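The block underneath contains the structure these notes are about, expressed in structure tokens.
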Amino acid sequence: MAGNDLDLQSIDLLYPSMFIKPPEGDEIDTREICSGLDFLGDDSDPVLTNTYVSDAGTDGQAYSYSKIANNVVNAKFALHFSDYYDYKMKKHELARFFMQKGLYRIRTDAEPGIVKFVRAGNFTIETPQMTTFKEFTIPFENPSGVKWSMAYSDQLMEYDQDLWQYGMNLPNGQDLQYHFINQHEFDVYNASDIDIDPRQKYPLQINVTGFHGKFDMINQTTGDEIVYTDSLDPSDVLTFDNLSVYKNGEVSNGSTNLAWIRLKRGWNHFKVYGYDKLDITFHFRFVYLN
């Protein structure tokens with residue numbers, strides 16, 4: 001998403017805080033949307049949908065597949081105002097901010113390194129009666145049904161870069177690598193709660209440069225092997241982007257074995273065949289369950 005991110009180290013986090021990046025604009029603390037707005041907390045639950053099929057003449061149903069379904073992130077707020085007229089003005093400010101079309105990116109001080117990409121659902125702030133504050137809930141619709149690491153894997157190469165948090169399944173005290181130079185066997189760590197599989201819309205981009213000849217790489221943990229059959233020059237940039245392949249920015253699926261790479265949870269052992277020089281980067285977000 002376009003726009004700048006907040007430096008949370010410069011923010012007073014004595015109270016629950018939500019940081020939101022609208023479809024257009026920079027990330028802000030929700031307290032900046034209008035005066036008197038306090039974030040009270042958010043919650044969501046994972047949704048797993050199981051599908052079964054029936055066969056004529058047999059009892060019961062047979063399992064077919066499971067999928068993670070979209071869910072809702074309920075964010076609770078309190079709005080403080082001086083009188084009815086102040087309430088009406090602030091309600092309009094909230095509507096103007098939250099009724100934008102497009103995806104918002106949200107995170108909280110409880111999970112500063114984990115984000116959710118959501119759309120604001122309909123919400124109601126009841127008309128005040130003899131009070132100067134109202135609590136209300138915004139149901140954020142989360143179409144992916146999961147949470148994502150704020151940073152990409154290749155931004156997490158150093159353990160002290162302050163782009164991670166506890167609860168992200170990262171090995172304690174280890175500086176993980178996602179950029180490999182002239183290494184033909186290496187390990188890639190997937191800190192997600194689930195497997196990274198481009199078929200399931202969990203993006204994975206692998207960038208290769210400096211290689212000469214046919215490129216052939218296998219994830220020995222999953223058995224997935226990707227092959228680029230045309231000869232590469234060291235100046236070429238080969239990109240495996242989810243289910244497609246690009247050479248120097250041009251689609252080149254016809255020169256491949258039409259395969260893709262998955263990353264199992266935890267460690268994945270890779271081997272690149274040949275002995276040519278190599279510069280390879282794995283670029284993806286970690287995926288977490290709500």
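Small disclaimer: the values here were computed from a predicted structure and weren't measured. Throughout, residue positions are numbered sequentially from 1 according to the sequence presented.
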Taking all heavy atoms of [X] and all of [Y], pick out the closest pair and write down the distance.
{"X": "E24", "Y": "Q100", "result": "N-OE1, 4.4 Å"}
{"X": "G3", "Y": "D26", "result": "CA-OD1, 3.3 Å"}
{"X": "A75", "Y": "F140", "result": "CB-CE1, 3.6 Å"}
{"X": "Q183", "Y": "L278", "result": "O-CD2, 3.3 Å"}
{"X": "P139", "Y": "F123", "result": "CD-CB, 4.1 Å"}
{"X": "N242", "Y": "Y202", "result": "OD1-O, 4.4 Å"}

Roughly how far apart are [X] [atom1] and [Y] [atom2], rounded to 0.5 Å?
{"X": "Q129", "Y": "Y84", "atom1": "CD", "atom2": "OH", "value": "9.5 Å"}
{"X": "R199", "Y": "D197", "atom1": "CZ", "atom2": "CG", "value": "4.5 Å"}
{"X": "N268", "Y": "R265", "atom1": "CG", "atom2": "CZ", "value": "11.5 Å"}
{"X": "S35", "Y": "E93", "atom1": "OG", "atom2": "CD", "value": "6.5 Å"}

Looking at E27, K116, K21, which hits side chain to side chain contact (heavy atoms under 4.5 Å, CB included) with R107?
->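 Filter result, single survivor: E27.
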
Option passing side chain to side chain contact (heavy atoms under 4.5 Å, CB included) with F282 (candidates I196, D154, I206) = I206

With side chains defined as the heavy atoms from C-beta onward, is the minimum distance between [X] and [Y] less than 4.5 Å?
{"X": "K88", "Y": "K91", "value": "no"}
{"X": "S153", "Y": "R285", "value": "no"}
{"X": "L232", "Y": "L238", "value": "yes"}
{"X": "I68", "Y": "V146", "value": "yes"}
{"X": "F97", "Y": "P22", "value": "yes"}
{"X": "N253", "Y": "Y246", "value": "no"}
{"X": "Y288", "Y": "I114", "value": "yes"}
{"X": "S192", "Y": "W148", "value": "no"}

Between Y152 and F286, does a side-chain contact (heavy atoms from CB on, under 4.5 Å) hold up when you go through it step by step?
-> CA-CA 7 Å; Y152 287 91; F286 302 144; over 6 Å; no

Applying side-chain contact (heavy atoms from CB on, under 4.5 Å), run through I125 and L94 and close with a yes or a no.
-> CA-CA 10 Å; I125 307 176; L94 290 171; 3.6 Å; yes

Hey, does the side chain of [X] reach the backbone of [Y] with a donor-acceptor pair shorter than 3.5 angstrom?
{"X": "T108", "Y": "A110", "result": "yes"}
{"X": "Y104", "Y": "F98", "result": "yes"}
{"X": "T131", "Y": "P128", "result": "no"}

[atom1] of [X]: more than 12 outside heavy atoms within 6.0 angstrom?
{"X": "Y275", "atom1": "OH", "value": "no"}
{"X": "E185", "atom1": "CD", "value": "yes"}
{"X": "Y273", "atom1": "OH", "value": "yes"}

Can you give the donor-acceptor pairs under 3.5 Å from side chains of residues 42-56 to other protein atoms, not counting sequence neighbours?
unit_1 : atom_1 : unit_2 : atom_2 : d
S44    : OG     : N290   : OD1    : 2.9
N50    : OD1    : S66    : OG     : 2.5
S54    : OG     : Q61    : NE2    : 3.2

Derivation and outcome, side chain to side chain donor-acceptor pair (under 3.5 Å), residues D193 and N169 = CA-CA 8 Å; D193 289 337; N169 308 327; 2.8 Å; yes

Hey, mind stepping through I181 and I280 against side-chain contact (heavy atoms from CB on, under 4.5 Å) and telling me if it holds?
-> CA-CA 7 Å; I181 299 176; I280 185 167; over 6 Å; no

Hey, is K271 close enough to D216 for a salt bridge, meaning N to O under 4.0 Å?
->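 Here K271 does not pair with D216 in a salt bridge, since their nearest N and O are not under 4.0 Å apart.
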
Is any NZ, NE, NH1 or NH2 atom of the basic residue among R262 and D195 found under 4.0 Å from an Asp or Glu carboxylate oxygen of the other?
-> no

Linked, directly or transitively: [X] and [Y] (ILVMFWY side chains, under 4.5 Å):
{"X": "I28", "Y": "V115", "answer": "no"}
{"X": "F186", "Y": "W267", "answer": "yes"}
{"X": "L204", "Y": "W260", "answer": "no"}
{"X": "V208", "Y": "L258", "answer": "no"}
{"X": "V73", "Y": "I33", "answer": "yes"}

Verify the distance criterion only: is there a donor paired with an acceptor across the side chains of [X] and [Y] at less than 3.5 Å?
{"X": "D224", "Y": "N219", "value": "no"}
{"X": "D230", "Y": "S255", "value": "yes"}
{"X": "H184", "Y": "D276", "value": "no"}
{"X": "T239", "Y": "N207", "value": "yes"}
{"X": "D187", "Y": "H269", "value": "yes"}

F81 and Y87 aromatic centres sub-6.0 Å =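 Between F81 and Y87, the centre distance is under 6.0 Å.
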
Would a line drawn from the ring center of F270 to the ring center of F180 be shorter than 6.0 Å?
-> no

Passes salt bridge (charged side-chain N to carboxylate O under 4.0 Å, His left out), D38 versus K76? Steps please.
-> CA-CA 9 Å; D38 289 329; K76 194 171 184 178; over 6 Å; no

Between Y15, F19, F77, which is the residue that forms a ring pair (Phe, Tyr, Trp, His ring centres under 6.0 Å) with F39?
->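 So, applying the ring pair (Phe, Tyr, Trp, His ring centres under 6.0 Å) to F39 and each of Y15, F19, F77, only F77 qualifies.
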
Could you check whether the rings of F215 and F240 sit parallel, tilted or perpendicular, using 30° and 60° as the cut-offs?
-> tilted

For the pair F211 and D233, evaluate side-chain contact (heavy atoms from CB on, under 4.5 Å) and give the outcome as yes or no after the intermediate values.
-> CA-CA 6 Å; F211 195 81; D233 292 325; over 6 Å; no

Apply side chain to side chain donor-acceptor pair (under 3.5 Å) to S252 and list each qualifying residue two or more places apart in sequence or on a separate chain.
->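 In terms of side chain to side chain donor-acceptor pair (under 3.5 Å), with neighbours along the sequence ignored, S252 is linked to Y228.
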
